[in-house]
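For clarity, every value in this text was computed on a predicted model and none was experimentally measured. In what follows, every chain begins at residue 1, and chains take the letters A, B, ... in the order their sequences are listed.
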Protein chains: 4
Amino acid sequence: MKSKTMLLTGFRKPLEFREIEIPELKEGEILVKIEAAGVCGSDIHMWKGEDPRTPLPIILGHEGVGRIVEIKGDKFSVDGKKLASNDRILWNRGVTCNECYACKILKDPSLCENRKVYGINMSCDDEPYLNGCYSEYIILNPKTDIFRIDEELDPAILVTASCSGATVAHGFDILNESLIGKTVVVQGPGPLGAYSVAFAKELGATNIIVIGGSKARLELCREFGATMTLNRHDLSVEERFKEVMKITNNRGADLVVEAVGVKGVVEEGLKLVRKGGTYLAMGFAQPAGKEEVDFYLDVVNKNINIQGVWVSDTRHTKQAMDLVMKNKDKFSKLITDRFKLEEANEAVKVMDNKDALKAVFTFD
Amino acid sequence: MKSKTMLLTGFRKPLEFREIEIPELKEGEILVKIEAAGVCGSDIHMWKGEDPRTPLPIILGHEGVGRIVEIKGDKFSVDGKKLASNDRILWNRGVTCNECYACKILKDPSLCENRKVYGINMSCDDEPYLNGCYSEYIILNPKTDIFRIDEELDPAILVTASCSGATVAHGFDILNESLIGKTVVVQGPGPLGAYSVAFAKELGATNIIVIGGSKARLELCREFGATMTLNRHDLSVEERFKEVMKITNNRGADLVVEAVGVKGVVEEGLKLVRKGGTYLAMGFAQPAGKEEVDFYLDVVNKNINIQGVWVSDTRHTKQAMDLVMKNKDKFSKLITDRFKLEEANEAVKVMDNKDALKAVFTFD
Amino acid sequence: MKSKTMLLTGFRKPLEFREIEIPELKEGEILVKIEAAGVCGSDIHMWKGEDPRTPLPIILGHEGVGRIVEIKGDKFSVDGKKLASNDRILWNRGVTCNECYACKILKDPSLCENRKVYGINMSCDDEPYLNGCYSEYIILNPKTDIFRIDEELDPAILVTASCSGATVAHGFDILNESLIGKTVVVQGPGPLGAYSVAFAKELGATNIIVIGGSKARLELCREFGATMTLNRHDLSVEERFKEVMKITNNRGADLVVEAVGVKGVVEEGLKLVRKGGTYLAMGFAQPAGKEEVDFYLDVVNKNINIQGVWVSDTRHTKQAMDLVMKNKDKFSKLITDRFKLEEANEAVKVMDNKDALKAVFTFD
Amino acid sequence: MKSKTMLLTGFRKPLEFREIEIPELKEGEILVKIEAAGVCGSDIHMWKGEDPRTPLPIILGHEGVGRIVEIKGDKFSVDGKKLASNDRILWNRGVTCNECYACKILKDPSLCENRKVYGINMSCDDEPYLNGCYSEYIILNPKTDIFRIDEELDPAILVTASCSGATVAHGFDILNESLIGKTVVVQGPGPLGAYSVAFAKELGATNIIVIGGSKARLELCREFGATMTLNRHDLSVEERFKEVMKITNNRGADLVVEAVGVKGVVEEGLKLVRKGGTYLAMGFAQPAGKEEVDFYLDVVNKNINIQGVWVSDTRHTKQAMDLVMKNKDKFSKLITDRFKLEEANEAVKVMDNKDALKAVFTFD
């Protein structure tokens with residue numbers, strides 16, 4: 001049996017359609033037929049060669065939902081259910097070693113030194129080859145953490161939970177605090193930003209302010225729970241600052257979430273944090289040069305906390321899924337474009353142009 | 001009755017000897033005869049006009065230990081003891097309002113919007129005039145938090161507890177974590193650095209590495225518990241990095257404490273933090289320009305935490321005092337120079353030249 | 001000028017109507033005309049002499065909203081606004097000393113050794129006499145923490161925020177964690193229970209299960225966000241256990257909130273907590289005998305956490321107010337009975353009989 | 001090749017000497033020659049049939065240090081070092097599944113539903129048979145977390161790190177806080193108590209008070225850092241209470257550690273905790289009946305926290321090892337009796353009689 005795939009063989013070159021022979025499963029491996037796969041902003045960076053982790057050739061795609069075709073041996077979901085053929089599943093895109101210092105001493109598997117990520121640092125040349133989601137089938141490693149999805153739903157709405165959703169969940173999980181009565185500013189209205197709004201709302205925030213440049217995206221953030229949006233094409237940095245100060249009685253925001261990752265964003269963001277507040281930086285997923293930070297004025301004197309957030313682990317995937325399941329209608333709106341696998345190059349293009357907020361491959 | 005004082009009337013000008021009439025106490029005020037007062041690095045910045053908080057004229061000096069001469073009304077120590085004449089006391093240098101948002105909602109009085117600090121933002125023109133420790137007498141505001149010192153000891157060793165000690169305590173109090181088995185790097189071997197070493201040791205750290213430029217200060221840090229010192233005159237940034245990596249099995253330090261506050265220190269410091277580790281920035285007490293930070297590489301990808309630390313509150317003063325009391329011999333070594341009040345300009349000079357680690361005024 | 005009051009002069013005796021002369025204000029004091037005052041379950045215990053803190057004679061009533069009539073001196077709200085005549089305000093019912101070990105070292109003013117509470121431990125014999133809310137006027141101590149209410153609303157809906165709401169806020173503030181994806185069980189559907197449901201919902205809990213005996217109260221909890229109610233008249237302890245296990249995949253609840261305070265409740269509650277979960281005990285506001293706890297089985301082997309919650313501080317009052325302000329309609333339903341001050345004995349009676357969920361005095 | 005073992009075949013019956021054939025290793029398994037194995041208090045409970053987890057027949061012994069004889073396949077230590085024959089190692093006594101809810105969502109493997117523990121719930125009838133440390137050889141499961149010990153030392157001093165040490169580490173890891181300036185009371189001067197004293201000292205506690213009945217054990221606790229010992233044969237419960245109040249300025253201890261597990265201990269312990277303090281219960285490793293707890297007086301009114309502590313995970317084993325390595329001389333004193341494996345019944349007897357604090361098997 002073969003699997004259709006769209007393969008990245010050279011940076012900035014069109015993905016190539018390939019049919020790859022599905023190998024026989026090894027002990028513990030799971031063959032999954034993809035039902036929906038997401039095109040992540042990171043995929044675009046990888047396609048351009050901007051992500052230092054990318055091996056070639058590679059089947060991109062680290063966000064997927066699918067149905068089990070075959071399991072070699074016994075496998076249980078994280079929730080303790082024995083998995084079987086035809087179960088619909090979602091999995092943690094990162095496979096961790098469960099034995100290194102990060103996994104066992106820090107108990108922070110997102111920092112696992114041996115972390116493998118489907119569609120990101122697993123080449124198509126490495127067994128079992130079907131290592132990404134821009135594909136009809138994927139083969140999951142025995143150490144993959146799997147969630148069974150019993151509820152009937154459109155699988156496309158869950159794909160974002162496994163990457164942007166989980167990353168944002170990671171950030172809020174590190175904070176792990178009530179936001180009741182608090183003001184949250186989100187820099188950037190993309191998928192990370194939309195999830196940040198949704199988490200802030202879910203945790204009780206009183207004011208949720210989003211800064212961005214796309215009217216449509218800002219509008220969508222309002223549907224996710226933003227109480228105010230500031231369009232940077234309409235308002236200067238200073239005017240945005242004044243708006244935040246006005247709403248916070250001149251204190252600044254309790255929490256500012258950076259969901260952009262472009263040069264200069266930190267300088268504005270730190271100014272918006274109140275004394276003793278937190279700056280959650282999660283947009284810098286690729287190299288973006290250096291930020292200038294006035295440590296006296298904006299960090300030490302304000303006694304603030306800056307927390308970097310890198311990828312996520314299985315707990316965070318669950319938190320993102322929980323959030324999506326509670327808000328299916330909202331999250332279906334994140335999916336602005338749907339493609340067939342064979343249209344992958346078009347999907348890459350609309351994501352690159354930022355015409356799409358989120359493109360997803362669906363399969364019949 | 002009059003109090004001898006040394007008054008700052010113009011930046012970079014010699015302090016002037018003045019005898020000031022001691023006013024009658026108002027309800028709740030406390031007249032204290034100073035026994036020992038510290039010359040802090042901040043005093044030097046203030047003397048130069050580099051600290052934006054400084055009003056003129058001012059009696060500098062925010063670190064003091066003394067004996068009560070008179071109390072107008074009843075006053076209790078933080079530990080619930082009724083205070084009386086002749087009690088030896090130390091007090092929190094910051095007087096907070098106990099009613100603002102920071103005091104009552106954040107419960108973080110170090111961020112109090114109305115915080116007054118003896119010798120820092122209280123002019124000698126404001127009642128009750130004797131508002132700093134470069135003076136024979138000081139008058140404490142009724143809202144001052146006071147500790148009674150019952151044990152017999154050289155009062156000079158306690159003065160640092162009320163500023164550098166309390167600030168470092170604040171940093172470790174925010175962390176509030178066990179350091180057992182952990183590696184701590186301290187940037188800077190001055191008073192903040194020495195206290196950082198002492199706190200790290202007290203909290204169980206296995207490796208305590210100090211980076212600095214003064215052989216004598218690094219040596220002193222060893223007495224405080226440093227297990228390794230790296231002299232920046234002998235080792236390049238790269239060599240220092242290698243030493244830290246070697247001792248941490250290539251992971252980097254769990255905690256890096258910034259106790260320097262000069263341009264460029266953050267860039268080195270962040271490289272030394274392990275993934276998921278913490279950078280505690282407390283040296284930037286005065287403007288020092290902008291630091292360049294590669295957010296992708298050094299913050300987000302490493303998932304680290306940067307915590308700014310600004311001043312301290314009464315809890316931290318207690319923690320610093322507890323530390324000093326357990327280690328009197330060690331902390332007596334921090335006091336490298338003793339002066340009479342009238343020699344204040346000499347004291348300022350040796351601190352400015354960094355000839356002294358810590359200069360203290362003592363009174364007969 | 002005189003103030004009408006209803007005075008408790010002997011336990012279990014009818015409250016007596018008295019008109020008390022309003023004394024001249026001292027520096028910092030504030031005269032407030034009450035607009036709404038709550039009858040708390042604790043008042044009933046006090047009336048019966050079951051609360052060891054109660055001095056006689058006393059004006060009961062620790063929950064109040066009112067308008068400023070006069071301020072002697074300057075006074076600012078916690079949010080930094082200068083207060084003036086006619087401002088509508090709500091205040092923290094507890095007045096703390098701002099100088100003891102609990103206030104300054106623990107920074108936990110709810111544990112203040114000198115905490116005075118309007119209507120609870122301040123006798124009507126002590127100056128300034130008008131120390132409780134079963135009164136036309138109250139005089140607030142200068143150290144009272146005050147919130148200004150600018151929005152137009154029915155003041156009655158806010159009275160619960162200052163006691164049951166703040167106490168529950170305190171419990172959730174100690175937890176200070178996201179409840180996304182989590183299961184919360186609430187024991188008891190009274191005001192504490194209803195607030196617990198509201199906080200759990202606000203913090204993202206997926207399942208909120210309430211156990212109680214009053215159909216009407218359980219129904220109200222559903223309006224507050226409960227996803228399941230278990231009536232102890234219909235279901236045995238064992239059946240309730242099974243329901244909770246069923247919904248949690250046999251793990252038990254992440255959090256169980258005790259909001260009852262009657263003998264035996266702890267034994268059931270601990271069984272419902274999952275391994276590693278939390279039991280938040282806040283219902284035991286009066287002596288209720290001893291609970292039997294199998295430490296091996298229910299605490300140690302399950303690695304659980306039990307947190308006692310006593311009263312609250314100003315932060316918690318704010319959190320409860322924020323919650324009420326976001327959900328005015330819901331919280332208006334908590335107020336089941338309204339009385340005139342002169343009808344106080346009737347109000348006590350309906351609360352004692354549990355005919356009312358919450359009785360409130362309103363004034364023209 | 002055969003391994004000598006001492007086998008438990010019936011409760012309260014003498015252990016039987018057996019030579020068991022060493023099976024061929026499966027992929028990932030590791031054959032280890034034991035150098036030192038501890039006799040834990042739990043072993044005595046198991047021998048008596050008091051621990052519900054015990055399968056028969058069983059090779060007891062969950063604390064061991066040994067040298068690798070053979071590895072089937074590649075295996076790395078937690079610190080990332082490739083393991084090889086003759087490496088001296090210590091391992092986490094619990095083997096967790098790395099895929100259940102506790103392991104992956106709670107990230108608390110000590111609660112793993114599938115946790116297997118050498119010498120506790122792994123029968124000698126189950127492959128690979130050599131599943132306990134009362135044996136010449138043990139075979140480690142591929143999922144075992146292993147530490148390589150490079151330093152030369154007497155292996156006997158490390159055995160306690162893998163059980164009592166790790167359990168106490170777990171408790172202090174949940175607290176994860178500085179103890180600077182704090183007062184800690186430890187109930188029970190056995191191995192758990194001695195480790196508690198050592199951890200409290202390492203974390204900076206000012207006062208460490210131990211309550212116990214054995215003069216020799218209390219004396220040993222002093223060597224570990226206790227600053228006061230209270231012998232329950234000399235002092236009544238009330239007198240002990242007074243001593244703790246005296247030293248804490250009538251507040252009570254910040255932290256009370258329960259390291260006893262016998263009926264009645266909780267009632268005394270809770271009285272000794274200060275308002276807002278913590279009670280860490282870790283002694284109840286076997287059923288011991290019910291404790292009576294006055295929730296109003298001792299939990300809610302005091303706003304305290306009670307934390308149960310069950311077993312430990314790999315992080316905690318490391319923390320205990322780090323502690324022992326820093327304090328080798330002290331910890332060597334914990335080992336009061338050494339036996340040959342063949343003398344196992346004698347070892348069980350001295351532990352049962354409490355003649356020994358800690359008995360260890362050593363091998364030539």
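Against chain C, the residues from residues 303-319 of chain B that qualify, each with a non-hydrogen atom under 4.5 angstrom away, are B:D313, B:T314, B:R315, B:H316, B:K318 in number order. Listed in order of number, the residues of residues 73-83 of chain B that approach chain C to under 4.5 Å between heavy atoms are B:K75, B:F76, B:S77, B:V78, B:D79.
No more than 12 heavy atoms of other residues, nucleotides or ligands sit less than 6.0 Å from atom NZ of C:K26. Around NZ of C:K201, the count of heavy atoms belonging to other residues, nucleotides or ligands within 6.0 Å does not exceed 12.
One distance of note links CG of C:N98 with CD of B:E99; it measures 9.0 Å at 0.5 Å rounding.
Ranking C:D145, C:I146, C:D108 against chain B, the residue ahead of the rest is C:D145, based on heavy-atom pairs under 4.5 Å.
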Check against side-chain contact (heavy atoms from CB on, under 4.5 Å), B:K107 and C:L106 = CA-CA 10 Å; B:K107 292 193 277 191; C:L106 302 179; over 6 Å; no
